[in-house]
Protein chains: 2
Amino acid sequence: MTQDSLFVPVQTGRAGEDIALQIQAAILEGRIEPGEKLPSERDLQTFYKTGRGVIREAFQVLKHKGLIEIRKGAKGGAYVKHLEVVFASESFALFLRQNRTDPMHLIEFRESIDHMITDLAIARGSSEEKRNLSEKADQLAAAVNDGTAGLKKLVELDRELNILFSKMARNPIFEWIMQAVQIGFSSMDNALYEDAEYRAYAVENWQETAMWILAADPVRTKSCIGYHYRILRQKVKEIRSASGTNIFADGSADG
Amino acid sequence: MTQDSLFVPVQTGRAGEDIALQIQAAILEGRIEPGEKLPSERDLQTFYKTGRGVIREAFQVLKHKGLIEIRKGAKGGAYVKHLEVVFASESFALFLRQNRTDPMHLIEFRESIDHMITDLAIARGSSEEKRNLSEKADQLAAAVNDGTAGLKKLVELDRELNILFSKMARNPIFEWIMQAVQIGFSSMDNALYEDAEYRAYAVENWQETAMWILAADPVRTKSCIGYHYRILRQKVKEIRSASGTNIFADGSADG
DNA sequence: GCATCCTAAATGGACCTACCATTGTACAAT
DNA sequence: ATTGTACAATGGTAGGTCCATTTAGGATGC
């Protein structure tokens, strides 16, 4: 793996590729600012002396990279976007899924990340954020105890808690990782939240964790987190041995 | 951020989107194995009762996600690929660039990862791997002292050391993360290795680190690593204030 | 004068046909 | 057996047509 020209060994399929790269370069170099509009497909078609299909293919690629947003109608067209972290996370999540990553590896990794974030979040998170975290944990608990909220809603709240937590570290890379892991393994989270025992336990643990973060006590926070992952490992083991099914088999990145 | 239908807020531009997602789902769920060939564009066109352009747009997106490879000619078509980590890294690097991510964030993240890996590597790495690591560190030192090896070669050796190190953790996620971060980092690594002082220091530190790993002493290993990152931060600060240029500005994701 | 409705233009979305370029295979010629 | 050639399959590109959506501006009615 010498990687001479470095980077993505994407087979250059010619024109569309070139155009996509040119536009991408223009965006990354700031020659086109977020919010600005690219020329219309037809204009670019004549500009590049090519077919409209080529331009469209290039646009689709850029759209999926999260670099542009395409609007229909008059005043429509391709608008340069601010790249959001989810887009960066999505491809990593894809990678994790396709490689059938062992849940235990993932748990180990996630636990490490959580521990790292803990220190940073306590040190750098604003008190408002810490209160928010605590409130959201209470919301989750309420939602679970009500029994009215659907599974999706619960998992969503759990996800938001994690994102909030990772944001407090004030380092976008941790956000990236956290989101990638969550996207890639939402099916696992779903499976776990189906278990009433886990559900009850998880929300309680979230509340306690949030409390210790609010109290700026990293040791106790980590203790909570560590306990959480012990339970999690156990549950995953149960699920796996019970069903024998691959919990990563159901769709999640495909809806 | 409610996101009911969950995930990547990609504006669903209709047909092409759907088809791309369907195929992606099929790939991720293993209904189509890597190496297998998708139907030809024309076949899919009739199957989905759609235009060929739609199929092509879907294919282009999948190609850029690294999920398929497209070959021309007879026996050509879309072949399912094994997703490589570079693809995940690419969008990550894109994100880092467009958001002008502070190199200090990357350093912070990398240091955290290194510390986590240290414990795992010492606990799980075989003695052979530990010896290999030490030998490779010596090789790097020799290469630097000879002065014969080019910059590229040195960075490459450094990279290999990191990979070797991360492999010892026996958790592929750490490997992938390490690779992704290295790719995102490559321009910085290059810049740093241009500095003779840093170069000399870095290789010495690698040797020492490898030694403590071989001695199974996590505390001293982490001490080495911590010191390494202190130097690294300082150098980055120097480079940044001296040149004023953004070290992520030079081409790397765009060609 | 204001609100409403209608129309026109711009634009992306989709479909179709045609042709070219590339590549592998089968078959003929040597 | 080797070589060369023709052919077929397939992606790559070009250009056109029509539709759906959206905005803006003008016409209409109150």
Side-chain angles (χ1 to χ4, degrees), chain A residues 8-24 26-27 32-81, chain B residues 5 8-24 26-27 32-81 255:
Chain A
V8 182
V10 75
Q11 53 177 323
T12 165
R14 213 98 106 237
E17 219 72 30
D18 280 347
I19 293 173
L21 285 175
Q22 281 184 44
I23 296 175
Q24 174 175 318
I27 293 173
I32 314 173
E33 295 282 319
E36 279 188 67
K37 184 168 109 54
L38 296 179
S40 74
E41 294 179 355
R42 288 170 178 87
D43 284 349
L44 282 175
Q45 175 186 0
T46 60
F47 177 79
Y48 283 115
K49 295 193 205 316
T50 180
R52 212 178 132 206
V54 171
I55 306 291
R56 282 187 61 77
E57 285 168 21
F59 273 17
Q60 292 301 315
V61 169
L62 293 176
K63 186 174 89 175
H64 271 82
K65 283 190 180 180
L67 285 168
I68 63 173
E69 173 197 353
I70 299 179
R71 300 190 206 134
K72 275 182 294 201
K75 287 293 192 73
Y79 289 80
V80 176
K81 282 210 315 178
Chain B
S5 81
V8 179
V10 75
Q11 51 176 322
T12 165
R14 210 100 107 240
E17 219 73 29
D18 281 347
I19 293 174
L21 286 175
Q22 282 184 45
I23 297 174
Q24 173 175 318
I27 294 174
I32 314 172
E33 295 283 318
E36 279 187 67
K37 184 167 111 52
L38 296 178
S40 73
E41 294 179 356
R42 288 171 179 86
D43 285 350
L44 283 175
Q45 176 187 358
T46 61
F47 178 79
Y48 283 115
K49 297 193 203 316
T50 181
R52 210 178 133 205
V54 171
I55 306 292
R56 283 189 61 76
E57 284 168 22
F59 273 17
Q60 291 303 314
V61 169
L62 293 176
K63 186 173 88 174
H64 270 83
K65 283 190 182 182
L67 285 168
I68 63 174
E69 172 197 353
I70 299 180
R71 299 188 207 135
K72 276 180 295 199
K75 287 292 191 73
Y79 289 80
V80 176
K81 283 211 314 178

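Predicted model only: the values in this text are computed from it and were never measured. A note on names: the letters A, B, ... follow the listed sequences, proteins ahead of strands, and every chain is numbered from 1.
- The interatomic distance linking A/I70 (CD1) with C/dG13 (C1') rounds to 10 Å, in whole Å.
- Residue-level contact check: A/G77 touches the backbone only, with heavy atoms under 4.0 Å from sugar-phosphate atoms and none from bases.
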request  = Could you walk me through whether B/H64 and A/H64 pass the side chain to side chain contact (heavy atoms under 4.5 Å, CB included) test, one step at a time?
outcome  = CA-CA 9 Å; B/H64 270 83; A/H64 271 82; over 6 Å; no
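- Distance, B/R56 CZ to C/dT17 P: 17 Å, rounded to whole Å.
- The nearest pair of heavy atoms linking A/I70 to A/Q60 is CD1-NE2, 4.3 Å.
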ask   = For B/Q45 and B/E41, what are the C-alpha separation, side-chain angles and deciding distance, and is it a side chain to side chain contact (heavy atoms under 4.5 Å, CB included)?
value = CA-CA 6 Å; B/Q45 176 187 358; B/E41 294 179 356; over 6 Å; no
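- One finds a salt bridge joining B/E17 and A/K63 here, because a Lys/Arg side-chain nitrogen approaches an Asp/Glu carboxylate oxygen to under 4.0 Å.
- Under the side chain to side chain contact (heavy atoms under 4.5 Å, CB included) criterion, A/A74 pairs with no residue at all, not counting sequence neighbours.
- Atom pair A/E17:CD and D/dG11:P shows a separation of 16 Å (rounding to whole Å applied).
- The nucleotide whose nearest atom lies closest to any side-chain atom of A/K37 is, among D/dA24, C/dA18, C/dT11, C/dT11.
- One atom, CD1 of B/I68, and another, P of D/dT10, lie 15 Å apart when rounded to the nearest Å.
- Side-chain N/O atoms of B/R71 include none lying less than 4.0 angstrom from OP1 or OP2 on C/dT22.
- Across D/dT23, C/dG13, C/dC15, the shortest atom-to-atom separation from the side chain of A/A74 is found for D/dT23.
- Atoms CZ (A/R52) and P (D/dG16) sit 12 Å apart, rounded to a whole Å.
- D/dT13 atom C1' lies 17 Å from atom CZ of B/F59, rounded to whole Å.
- The nearest whole Å value for the distance from the CD1 atom in B/I19 to the C1' atom in C/dA14 is 11 Å.
- Between the CD atom of B/E69 and the P atom of D/dT10 there is a distance of 16 Å, given to the nearest Å.
- The phosphate of C/dT25 (OP1 or OP2) has a side-chain N or O of B/K75 nearer than 4.0 angstrom.
- Counting non-hydrogen atoms of neighbouring residues, nucleotides and ligands closer than 6.0 angstrom, the NZ atom of B/K75 reaches no more than 12 such neighbours.
- Listed by residue number, the members of residues 38-51 of chain B with any heavy atom below 4.0 angstrom from DNA chain C are B/R42, B/K49, B/T50, B/G51.
- In this structure, B/E69 does not pair ionically with B/K81, as no charged nitrogen and carboxylate oxygen lie closer than 4.0 Å.
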